[in-house]
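The structure appears below as structure tokens.
Quick caveat: nothing in here was measured; it's all calculated off a predicted structure. Lettering of chains follows the sequences in order, A, B, ..., and the numbering in each one begins at 1.
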Amino acid sequence: MKIEEKIAAAVSEVIKELAGTEPEPGKIVFQKTRKEFRGDLTLVVFPFTKLLKRSPEEVADTIGRALVERVEEVSEFNSVKGFLNMSLTGRFWLGFLGENMDNDKFGYAAAETQQPPVVVEYSSPNTNKPLHLGHIRNNLLGYSVSRLLEASGNNVVKVNLVNDRGIHICKSMLAWMKYGKGETPQSSGKKGDKLVGDYYVRFETELRRQIAGIIEKEDIGEDEARKKAPLMLEAQDLLRRWEARDKEVVEVWEMMNSWVYAGFDLTYRRLGVDFDKIYYESDTYLLGRDIVMEGLEKGVMYKKDDGSVWAGLSEYKIDDKLLLRSDGTSVYMTQDIGTAQLRYDDFTPRQMVYVVGNEQNHHFSVLRKVLDKLGKPYSDAIYHLSYGMVELPAGKMKSREGTVVDADDLMDEMAGTAARITEELGKTQDFSKEEKESLYHIIGLGALKYFILKVDPKKNMLFNPEESVDFNGNTGPFIQYTYARICSVLRKAGEESLTKAPDSLGGAVLNEKEKQLVRTLYDFPAMVREAAAELSPARIANYVYEVAREFNQFYHDYSILNEEDKNLSDMRLCLSSLTALTIRNAMLLLGIEVPERM
RNA sequence: GGUUCCGUAGCUCAGCUGGAUAGAGCAACAGCCUUCUAAGCUGUGGGUCCCAGGUUCGAAUCCUGGCGGAAUCACCA
């Protein structure tokens, strides 16, 4: 039983004896005692003053006295204006330390294998352009949330839904067919996704030229001109040929997509994310159409005179949603209906998490309602993890203005900065070339990932390419550095004294700083559960920063290896060891590696 | 216009289901390396928690109404 539960039970007991009735269980909540007061746990007693008909001070004192008497782990208490601060015994904290210092999985719960899984969809790229900063936030969130769910005992299936068909794909295909002269990644040395992206840009450039010409000649609006532009008509024709399985078109499509996938694979690998299953829209969009047709037969959807099929949503006070165009082709919503069904058939998950930007909030709320109308049992299992935009100092990223921050370029820059700073500090003089490269990658990505994940997912965030590459303060490298420092101490201490250490724990007394650190480490398992429940890596990021900061204070103030009292020295080694484990495990939940030297 | 989200120090962000005097980092200034890694530590200055009501013993946090910003409401994805 956790100590909080034990104390809560005792509090409940005391109140029952005095007042005759037990307080509601939810009213007994503990918080960490604030630094300026003495104690480890604080109970707010205001909720009980009415029940006991006494002043907050009296209530706090009464409960405090009873707890010291009845709960052996509670050593003393003080009360300030209705706040009951209690201290736990050194024995309790040292016991916690000894039990966990060797626990590689500290903070992680074992998977409940019987439970149906949670499916997490993330990344979901289009195959017409390379990944950029926005995708990075998506990928990091999706990966981290998956790890969080795993660490709190869930079975998790990570899936990617690749949007590999549609008019946008046809645009880059068309440009390549018209202007490409057979260029391939091999012939040009370009990364496949970059090459295809270049042709997408080329299409847009040529298209704009045509539109401008049409507007000038015919004096019509831009939207109208766009519809008439020959390139646009050709792209639409290409889509129709693709849907008709035209051999030539399908070949080009397969070839260009394979280039893109090779490019994505490299980016994913560098980013450190992966998937258990990849869905392709080209495989699933027809299923959605079938389901919609079923809905039509059952009468939950309706057909307009022009042949288009709609879901009526007036009962939810929102506009009806088109599900099939008048020409019978499907839209984005149709396809998502299909993939939801497929996912349900594949895994019967208890929850389906979609990591998708907040610009699609409306889309997902409609998706749930449509699935509900269709009578699908999994409509409630759909959860849209909606995250905010990544903005640049100049505002939103715009491909037209060339302000898109490319994922590969960004990772290169981060590693480059890591290399420059590390060399300046002279930290890697005895590193081999491979070791250096690996380290700079770890630090550069650590900085990037931490920077992005420490922000609450639902908030928009600002990314300043000039300033964001900070390695001091509340940053990934700071936390990695703390870890490397601890490793250095542990290396010097050697294996033997560390394994012997728990035996001598009994003889040590924790000072305030040490106790504060242990207290923070103690919170880690609960923190993982909370972060998983909220699907918020930011909680872990901010927590692990606090751990690192507290350790550095302790490290600065007290000597570990040069402490003469052997009991103290050993205890501090244990404390350092558990701190390192906590930092490592927390960072791994964020998808961030930690180096043993830096 | 409807809906949803956001608004906390000069800047970037924390602040858990309501709890004590609202916290970090960056930037500025002042200190600390013959001692386990100074990517560190310590200190100083910096706040109308957007505004106004309400609920409560207690509100940055919950409710209502404003103001400001973002997203969305496509036979786009």
For [N], does either OP1 or OP2 sit under 4.0 Å from a side-chain N or O belonging to [X]?
X	N	result
A:S488	B:U37	yes
A:Y481	B:A39	yes
A:K317	B:U3	no
A:R491	B:U37	no
A:K427	B:A39	yes
A:K459	B:G7	yes
A:Q360	B:U72	no

Under 4.0 angstrom, heavy atoms only, what part of the nucleic acid is [X] near: base, sugar-phosphate, or nothing?
X	result
A:A484	base
A:D327	nothing
A:F554	nothing
A:I443	base
A:T475	nothing
A:M598	base
A:Y555	base

Partner lookup for [N], please. Criteria are Watson-Crick or G-U wobble with both distances under 3.5 angstrom; report none if nothing qualifies.
N	value
B:A74	none
B:A24	B:U12
B:C62	B:G54
B:G43	B:C29
B:U48	none

Under the side-chain contact (heavy atoms from CB on, under 4.5 Å) test against A:S386, which residue among A:V355, A:N358, A:V356 passes?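 By the side-chain contact (heavy atoms from CB on, under 4.5 Å) criterion, A:S386 pairs with just one of A:V355, A:N358, A:V356: A:N358.
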Between [atom2] of [N] and [atom1] of [X], the distance in whole Å:
X	N	atom1	atom2	answer
A:E530	B:G15	CD	P	11 Å
A:L439	B:A39	CG	C1'	11 Å
A:H363	B:C76	NE2	P	14 Å
A:L51	B:C57	CG	C1'	15 Å
A:D470	B:C11	CG	C1'	12 Å
A:H384	B:A71	NE2	C1'	11 Å
A:R597	B:A39	CZ	P	14 Å

Report yes if the side chains of A:F463 and A:L133 come closer than 4.5 Å at any heavy-atom pair, otherwise no.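 Touching, per the 4.5 Å side-chain cut-off.
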With side chains defined as the heavy atoms from C-beta onward, is the minimum distance between A:L207 and A:R226 less than 4.5 Å? yes
Protein-proximity profile, nucleotides 18-23 of chain B, B/S/- by nucleotide at the 4.0 Å heavy-atom cutoff, equals -BBS-S
Presence of donor-acceptor pair under 3.5 Å, side chain of A:T482 and base of B:A39: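 For A:T482, whose side chain was compared with the base of B:A39, there is no donor-acceptor pair (under 3.5 Å).
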Taking only residues two or more places apart in sequence or in another chain, which ones pass side chain to side chain contact (heavy atoms under 4.5 Å, CB included) with A:Y481? A:K427, A:R485, A:M598
Does the side chain of A:S123 pick up a donor-acceptor pair with the side chain of A:N139 at under 3.5 Å? yes
Minimum-distance nucleotide (side-chain atoms of [X] versus [options]):
X	options	result
A:R485	B:A77, B:G40, B:G25	B:G40
A:E534	B:A77, B:C26, B:C16	B:C16
A:M461	B:C13, B:A77, B:A38	B:C13
A:E359	B:A71, B:A39, B:A38	B:A71

Distance to the ring centre below 6.0 angstrom and angle to the axis at most 45 degrees; does that hold for A:K513 and A:F554?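 So A:K513 doesn't make the cation-pi contact.
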If you draw the axis of the six-membered ring of A:Y483, does the NZ or CZ of A:R584 fall within 45° of it and under 6.0 Å from the ring centre? no
Begin with the C-alpha distance, continue with both residues' side-chain angles, and end with the deciding distance and a verdict on salt bridge (charged side-chain N to carboxylate O under 4.0 Å, His left out) for A:R54 and A:D61. CA-CA 11 Å; A:R54 290 195 230 174; A:D61 285 340; over 6 Å; no
Distance-only, no hydrogens or angles: does the A:S488 side chain make a donor-acceptor pair with backbone N or O of A:A484 under 3.5 Å?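 Checking the backbone N and O of A:A484 against the side chain of A:S488, no donor-acceptor pair under 3.5 Å is found.
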Using the closest heavy atom to pick a nucleotide of RNA chain B for each, name whichever of A:P477 or A:N358 lands nearer the 5' end.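 Upstream on the strand: A:P477.
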In terms of the nearest nucleotide of RNA chain B, which residue is placed more toward the 5' end: A:R165 or A:N460? A:N460
Apply the syn/anti split at 90° from 0 to B:C33 and say which one it is.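 Syn conformation here, the glycosidic angle of B:C33 being no more than 90° from 0.
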So which atom in A:A340 and which in A:I382 form the shortest heavy-atom distance, rounded to 0.1 Å?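 Closest pair (atom of A:A340, atom of A:I382, distance): CB-CD1, 4.4 Å.
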